[in-house]
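Below is one structure, written out as structure tokens, with a few remarks after it.
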Amino acid sequence: MTGLAGARGTWRVAIQRPGRGQVAYVGMLAAVGVVYYASARIGLTLSLVERNVTPLWPSSGVAVAAFLLAGRRLWPAVAVAAFAVNLPITEGVLAAAVTAAGNTLAPLLAATLLLRVGFRRQLDRRRDALAIVFLGALASMLGSATIGTGTLVVSDAISSDRLVSAWSVWWTGDAMGVLTVAPFLLCLPLFRELSPWSAMSWLEASAVLVVAGGVATWTASSELPLLYLSLPIVAWAAWRFQLRGAAPVSLMVCLITTRTAVNDGGAFAQLTLFEQMFTLQTFNACVALTSCFLAALVSERNQAATALASAAVELENRVERRTAELSEAEDRLVEEMQGRYEAQAQLNRSETNARQDHEIAETLQRSLLPDRIPQIPAVALAARYVPATAHLEVGGDWYDVMQLSDGLIGLAIGDVAGHGLQAAATMGQLRMAVRAYAVQDPSPVSVMRGVHQLVSHLAMQEMVTLTYLVYDPATRTLRFTNAGHPPPLLFGGGHSKYLEDGVSPPLGVVEAPDFIETREHVWRGATLLLYTDGLVERRRESIQVGLHRLLREASGHEDADVDVLCDQVVSSLIEGDHIADDIALVAMRPLFEADEQLSLALPAEPRMLVEVRRALRRWLQHSEVVPDEVNEILVACGEACANVVRHAYPTAAGDMMLEAHIVDGLLDMTVHDHGTWRSPVDRGGGWGLHLIDGLMDTVDVDRRSDGTVVRMRRQLTARSSST
Amino acid sequence: MTDMARVDKRTYQGVEIVRISGEIDLSNAAHVRDAIGADLPDLPVVVLDLTDTEYLDSAGIAMLFRLAERLSYNRQELQLVVPPDAPIRAVIRLTKLDQVVSVKDGRDQ
């Protein structure tokens with residue numbers, strides 16, 4: 001064994017460095033020769049037939065293993081050693097030479113056939129096990145057995161009648177030598193080539209070897225047929241260690257059993273030579289085949305498992321890599337989506353904020369503007385507020401119309417520079433301030449001074465423009481002052497003019513501005529138009545162009561109702577759908593009823609009674625009715641209207657209508673409503689009707705399905721010369 | 001008081017003089033009545049000076065009747081001052097208020 005291990009190292013050198021020289025080759029030749037010779041001497045001790053036919057011929061295994069491991073060029077060593085072995089036990093040199101030739105040719109044939117079929121010396125595939133059994137052992141050894149036994153017969157070493165049995169012993173012996181010894185020798189390099197055993201493996205393998213030796217010795221020497229008890233141990237070795245475990249164990253079991261058989265011991269004691277031979281070779285064949293096939297099967301299975309495991313690992317790696325790639329891609333996607341989502345959310349938030357701000361500002365602005373224009377009999381009024389369409393462009397444009405004492409009408413229009421909530425809030429403060437100052441003293445300069453003080457005192461950041469006007473219906477005069485606001489337009493009836501006088505700087509700009517009051521008579525047919533810059537200003541255009549356009553458009557609708565006028569002016573002066581700046585617009589048209597008939601329609605509310613009287617008084621005065629009669633007519637009309645206010649609409653709001661005209665000194669005055677008539681008794685007292693009766697010439701109450709008409713007439717006594 | 005009417009009171013030589021200027025109608029009659037009645041001292045004569053009252057309708061007349069009635073419960077006398085050319089003279093006459101309440105022509109007091 002040790003010699004062989006040394007020889008193996010030498011082979012490896014020879015294999016790895018073929019050109020190294022003859023020394024290595026000769027050394028290998030010597031080693032193989034020595035091993036071959038030694039194994040042959042051992043084999044001869046196991047002969048059943050004479051001294052030269054043995055049931056287990058290890059040398060053939062040595063030769064096959066040597067050719068497979070180191071190449072067939074080592075044949076001279078085998079030939080020489082075989083000749084040296086056979087020479088002393090054969091009759092004559094020629095017979096020894098022939099036998100040696102047979103012993104050499106058979107392993108060469110085996111190695112050649114095995115190499116031809118792609119035999120792997122690791123014996124780790126089933127086909128390798130099949131190859132070494134059928135080609136390497138059984139087929140190849142036919143030649144050496146035939147030549148060897150033929151030589152024995154020819155040289156008269158044995159009689160020809162024993163030829164068959166000798167041949168079979170020779171053949172099986174050589175085959176068994178290959179099957180037991182070659183795997184053992186082939187397994188030796190594997191200790192170096194394959195992964196080394198752990199200490200536990202060595203311990204287990206040694207234990208298996210010892211147990212196998214013990215069991216084989218015992219079963220072989222026992223007279224009971226227990227030989228096959230060794231098989232589970234061989235199977236165990238093959239299962240656990242494959243070739244490296246099975247080959248040594250099977251070799252040892254075979255050697256022990258064969259030796260016992262040769263010595264007629266144990267189970268083999270009572271058997272004939274043939275029975276011994278048959279039993280032994282069957283057993284050896286079983287052991288060898290078991291070890292070879294099982295080792296190959298397990299190796300194959302292990303390889304498959306390893307391959308499977310590595311494939312699984314590889315698959316797992318690929319899956320992991322792919323998963324990582326996918327995960328990375330998904331992460332990127334998620335990140336991208338998150339980014340987009342956030343951007344969208346940000347956009348939505350800012351849009352929402354801007355929209356909300358815009359809505360709040362617009363709502364605030366609308367709530368700060370008059371919720372309705374007061375109904376004043378002396379004038380027709382209309383107003384419009386058009387918010388800018390762009391976000392946050394809600395501005396500080398505002399207007400107001402107030403009824404002041406003595407029938408005066410206050411009008412204000414202004415602009416707080418800037419946009420949004422701040423401007424709207426400032427505008428609200430200003431509007432209330434104008435209202436408060438105007439109630440206190442309607443004079444334009446007084447109001448403007450008050451507002452200026454407020455603006456300066458509050459240190460408002462925004463620039464504030466304001467036009468404030470007071471219209472007196474009795475005198476048809478406008479008194480106004482303008483702090484930096486576009487000039488009001490007075491137009492209609494063949495005249496037109498922008499009220500460009502009385503202008504001072506915007507409020508809060510100069511410390512102590514000198515406000516100037518200007519007066520303007522309102523001619524018959526005129527309409528006053530107040531507006532903010534959004535109506536007339538356009539980019540890259542002089543404001544004069546805008547003012548001309550406004551005058552043209554307004555004059556084109558001078559006969560239209562003031563509401564229609566406002567709508568027409570707004571729609572014709574804004575460009576397209578886009579309103580860059582907000583627009584406030586107020587139109588006031590004084591009514592001139594004097595020569596015609598008076599016609600009023602007002603809510604049936606107590607506070608309207610004074611308005612009716614005011615309008616009627618003015619109309620009567622203009623109609624040059626004498627003051628005493630005016631007062632009496634006012635009472636009569638007032639009572640008729642008070643009746644409507646108190647009784648016509650018990651559950652809901654309604655209107656009262658007054659119509660009056662004078663024909664040939666006869667005043668014909670009608671008060672009617674759309675409510676229900678109630679008798680004077682029901683109305684408690686009847687003072688009103690009594691007064692009308694007393695103050696007018698005739699009173700007719702016409703109760704209709706759609707309301708009640710009270711018609712009052714009075715012959716006017718005389719006309720006053722002047723008022 | 002109200003936008004339309006103004007009520008001024010003063011006491012002169014043991015007489016309470018209430019001067020009403022402006023207009024009295026359905027919308028403010030109750031307010032004017034309250035203004036007159038508020039903190040009215042317990043003097044035997046209460047004079048309503050209607051010289052500057054420009055308008056008085058049936059609601060104002062009813063208010064004056066009630067005022068006179070209330071003062072009489074309190075042993076107080078209501079006197080009205082209405083100049084002959086006053087705008088409300090016709091109403092006073094037609095409602096016969098001057099038959100219930102003493103109406104004097106001018107500010108001779």
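Below, read A as the first sequence line, B as the second, and so on, with proteins coming before strands; counting in each chain starts at 1.
When the candidates B:Ser27, B:Ala86, B:Ala90, B:Ala59 are compared by the number of heavy-atom contacts under 4.5 Å with chain A, B:Ser27 comes out ahead. The candidate from A:Glu639, A:Arg613, A:Glu632, A:His690 with the greatest count of non-hydrogen atom pairs under 4.5 Å with chain B is A:Arg613.
A:Arg614 does not touch chain B: none of its heavy atoms, backbone or side chain, sits under 4.5 Å away. If you measure heavy-atom distances from B:Ile88 to chain A, you find no contacts under 4.5 Å at all.
Residues A:Gly638 and B:Tyr55 share a closest heavy-atom pair of CA-OH, 3.4 Å. When all heavy atoms of B:Pro87 and A:Asn631 are compared, the closest pair comes out as CB-ND2, 3.1 Å. For the pair B:Leu56 and A:Val635, the tightest heavy-atom approach, listed with the atom from each and the gap, is O-CG2, 4.1 Å. The nearest pair of heavy atoms linking B:Leu94 to A:Leu691 is CB-CD2, 3.8 Å.
Under a cut-off of 6.0 angstrom, the local environment of CD in A:Gln440 is sparse, with at most 12 non-hydrogen atoms contributed by other residues, nucleotides or ligands.
A distance of 9.5 Å separates CG in B:Asn28 from CG in A:Leu609, rounded to the nearest 0.5 Å. Rounding to the nearest 0.5 Å places OG of B:Ser58 at 8.5 Å from CD1 of A:Ile692.
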